[in-house]
Amino acid sequence: MPELPEVEAMARALWPLVAGQTIVRCRVIHPIAVRPNSGRGAANEAARIQKSVRGQKVRSVERRGKYLLLRLERGYLVLHFRLDGQLIWFDGRRTSGHIDVAFEMRRGTLGFVDQRHFGRVQWVRSPGDVPGVRAMGVEPLSKGFTGTRLAEMLRGSRRPLKLFLLDQSRIAGLGNIYSNEAMWLARLNPRRAANRLTEAETRRLHKAIVDVLGRALECCLHPAPDFRDPNWWFQGLGEILAVYGRAGEECRACGRRIRRIEQGGRSTFSCAHCQQ
DNA sequence: CCTGCTACCTGATGGC
DNA sequence: TGCCATCAGGTAGCAG
């Protein structure tokens with residue numbers, strides 16, 4: 001489930017493959033992958049994308065939150081991987097396996113793959129035409145993400161800290177994994193109300209978010225994503241995780257059991273002793 | 001403005 | 001062993 005570090009690494013690894021390449025043809029193989037998230041009547045969406053993208057050069061590859069953006073000469077291809085979405089690169093025009101959308105270029109073919117069909121591919125004039133991108137909050141690895149900024153945002157929310165961290169309109173790119181990890185590193189209880197953190201706790205949280213994402217990004221870049229390998233996925237991430245997915249195992253700080261609770265319908269992992 | 005709930009999908013998992 | 005039910009996850013949109 002790619003979050004900010006994974007998508008950032010994908011964006012960097014993708015650029016050398018598609019830089020300046022012309023999309024000779026776009027094939028929407030599974031139209032569900034281009035269906036808008038809401039509303040129906042999207043029967044022609046596949047045709048629209050195929051037509052809009054054809055013949056355009058890729059000008060840059062960018063990331064916003066967990067979105068991957070391919071800036072074309074006209075408009076943007078906006079990809080979201082949700083849980084299991086992936087990219088695959090084929091050196092020729094032939095593809096194999098389950099491909100939802102294929103972008104054929106001179107040098108090869110880029111495939112968007114998501115068997116569960118949660119992920120989406122969209123073409124828009126401007127990134128802001130995608131509601132999730134328009135509403136995106138501050139990039140946590142940017143200069144704009146300061147302790148002061150975090151404090152302001154925390155003050156404006158009475159939600160449990162965990163749900164605050166998952167809110168993309170406040171901080172961009174944190175998902176279930178890194179929000180859990182950041183709270184453990186900052187030694188904060190996921191159920192604490194966001195606006196009840198002390199100054200010291202806020203500073204700890206700020207540092208934890210930046211540290212966790214920075215470390216994860218380093219991990220995602222070494223080794224770099226290899227889209228040519230259909231079985232490729234990020235390696236070594238499991239080893240840097242302290243709480244996520246470790247219910248019942250020992251806390252790396254105090255040795256007590258990591259527990260799993262549910263918040264907003266999803267799993268939260270924490271150490272009841274370390275995180276107050 | 002803020003918050004909380006639900007639909008969306010399907011492979012993996014667990015119970016019997 | 002096979003079958004069925006449940007779960008997991010991020011986002012958008014809606015209701016309150």
Side-chain angles (χ1 to χ4, degrees), chain A residues 1-8 10 28-43 45-46 63-69 78-88 97-101 112-122 124 127-137 139-140 152-182 190-196 213 216 230-231 233-234 237-238 241 243-248 258-269:
Chain A
M1 48 220 83
E3 301 180 21
L4 183 154
E6 289 88 351
V7 180
E8 178 67 29
M10 289 166 83
V28 176
I29 299 153
H30 291 264
I32 191 173
V34 302
R35 196 180 75 181
N37 278 308
S38 66
R40 47 233 103 217
E45 192 57 24
R63 177 193 60 76
R64 191 74 177 91
K66 302 172 198 167
Y67 287 88
L68 186 73
L69 312 177
V78 180
L79 279 50
H80 199 297
F81 304 101
R82 297 286 180 100
L83 312 184
D84 298 317
Q86 288 187 56
L87 291 177
I88 299 192
H98 176 109
I99 307 291
D100 290 292
V101 184
F112 177 89
V113 179
D114 186 357
Q115 306 219 50
R116 287 195 180 181
H117 297 143
F118 253 37
R120 286 294 180 271
V121 174
Q122 294 172 265
V124 290
D129 293 345
V130 176
V133 175
R134 189 190 324 129
M136 196 67 71
E139 284 291 338
E152 278 168 20
M153 291 191 292
L154 285 165
R155 231 178 286 135
S157 172
R158 287 176 295 185
R159 312 175 79 181
L161 184 55
K162 169 69 180 315
L163 298 181
F164 170 90
L165 292 175
L166 286 178
D167 185 346
Q168 303 298 299
S169 71
R170 297 183 195 273
I171 302 171
L174 286 176
N176 209 25
I177 295 176
Y178 300 118
S179 58
N180 276 298
E181 294 299 312
R191 294 208 246 233
R192 291 278 299 280
N195 62 358
R196 292 293 187 75
L213 293 176
N231 294 316
W233 193 241
F234 294 98
L237 278 176
L241 301 183
V243 283
Y244 181 80
R246 298 191 64 237
I258 299 298
R259 63 173 185 169
R260 188 189 82 89
I261 63 171
E262 206 172 291
Q263 289 182 290
R266 45 186 37 97
S267 295
T268 295
F269 301 90

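Chain A is the first sequence line, chain B the second, and so forth, proteins listed ahead of strands; every chain is numbered from 1.
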*Asks:* Sequence neighbours excluded, which residues qualify as side-chain hydrogen bond (donor to acceptor under 3.5 Å, both in side chains) partners of A:Y67?
*Replies:* none
*Asks:* Under 4.0 Å: is that the gap between some side-chain N or O of A:R260 and OP1 or OP2 of C:dA8?
*Replies:* yes
*Asks:* Among residues 158-179 of chain A, which ones have heavy-atom contacts with DNA chain B below 4.0 Å?
*Replies:* A:R158, A:R159, A:R170
*Asks:* Not counting sequence neighbours, which residues clear ring pair (Phe, Tyr, Trp, His ring centres under 6.0 Å) with A:F81? List them please.
*Replies:* A:F112
*Asks:* Taking salt bridge (Lys or Arg N to Asp or Glu O under 4.0 Å) as the definition, give me every residue that meets it alongside A:E8, ordered by chain and number, with sequence neighbours left out.
*Replies:*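 In terms of salt bridge (Lys or Arg N to Asp or Glu O under 4.0 Å), with neighbours along the sequence ignored, A:E8 is linked to A:R12, A:R63.
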*Asks:* According to side-chain hydrogen bond (donor to acceptor under 3.5 Å, both in side chains), who are the partners of A:T268, at least two apart in sequence or on a separate chain?
*Replies:* A:K162, A:Q263
*Asks:* Partners of A:D114 by side-chain hydrogen bond (donor to acceptor under 3.5 Å, both in side chains), sequence neighbours excluded?
*Replies:* none
*Asks:* Please confirm whether the shortest side-chain N or O distance from A:H80 to OP1 or OP2 of C:dT11 is below 4.0 Å.
*Replies:* yes
*Asks:* May I have the distance from A:D129 (atom CG) to C:dT11 (atom P), rounded to whole angstrom?
*Replies:*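 Whole-Å distance recorded here is 18 Å.
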*Asks:* Which residues satisfy the side-chain hydrogen bond (donor to acceptor under 3.5 Å, both in side chains) test with A:R196, sequence neighbours excluded?
*Replies:* none
*Asks:* According to salt bridge (charged side-chain N to carboxylate O under 4.0 Å, His left out), does anything in residues 165-180 of chain A pair up with another residue at least two apart or in another chain? List the pairs.
*Replies:* A:R159-A:D167, A:D167-A:R170
*Asks:* I'd like to check the salt bridge (Lys or Arg N to Asp or Glu O under 4.0 Å) partners of A:R116; sequence neighbours left out, ordered by chain and number.
*Replies:* A:D84
*Asks:* For DNA chain B, produce a single dot-bracket line, 5' to 3'. Pairs: Watson-Crick or G-U wobble, both distances under 3.5 Å. Symbols: ( ) within strand, [ ] crossing, | other strand, . unpaired.
*Replies:* .|||||||||||||||
*Asks:* Does the side chain of A:S157 get closer than 4.0 angstrom to OP1 or OP2 of B:dC2 through an N or O atom?
*Replies:*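 It does not, given that no N or O in the side chain of A:S157 lies less than 4.0 Å from OP1 or OP2 of B:dC2.
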*Asks:* Protein-nucleotides 12-14 of chain B N/O pairs closer than 3.5 Å?
*Replies:*
none

*Asks:* Using salt bridge (Lys or Arg N to Asp or Glu O under 4.0 Å) as the criterion, list what pairs up with A:E3, not counting sequence neighbours.
*Replies:* none
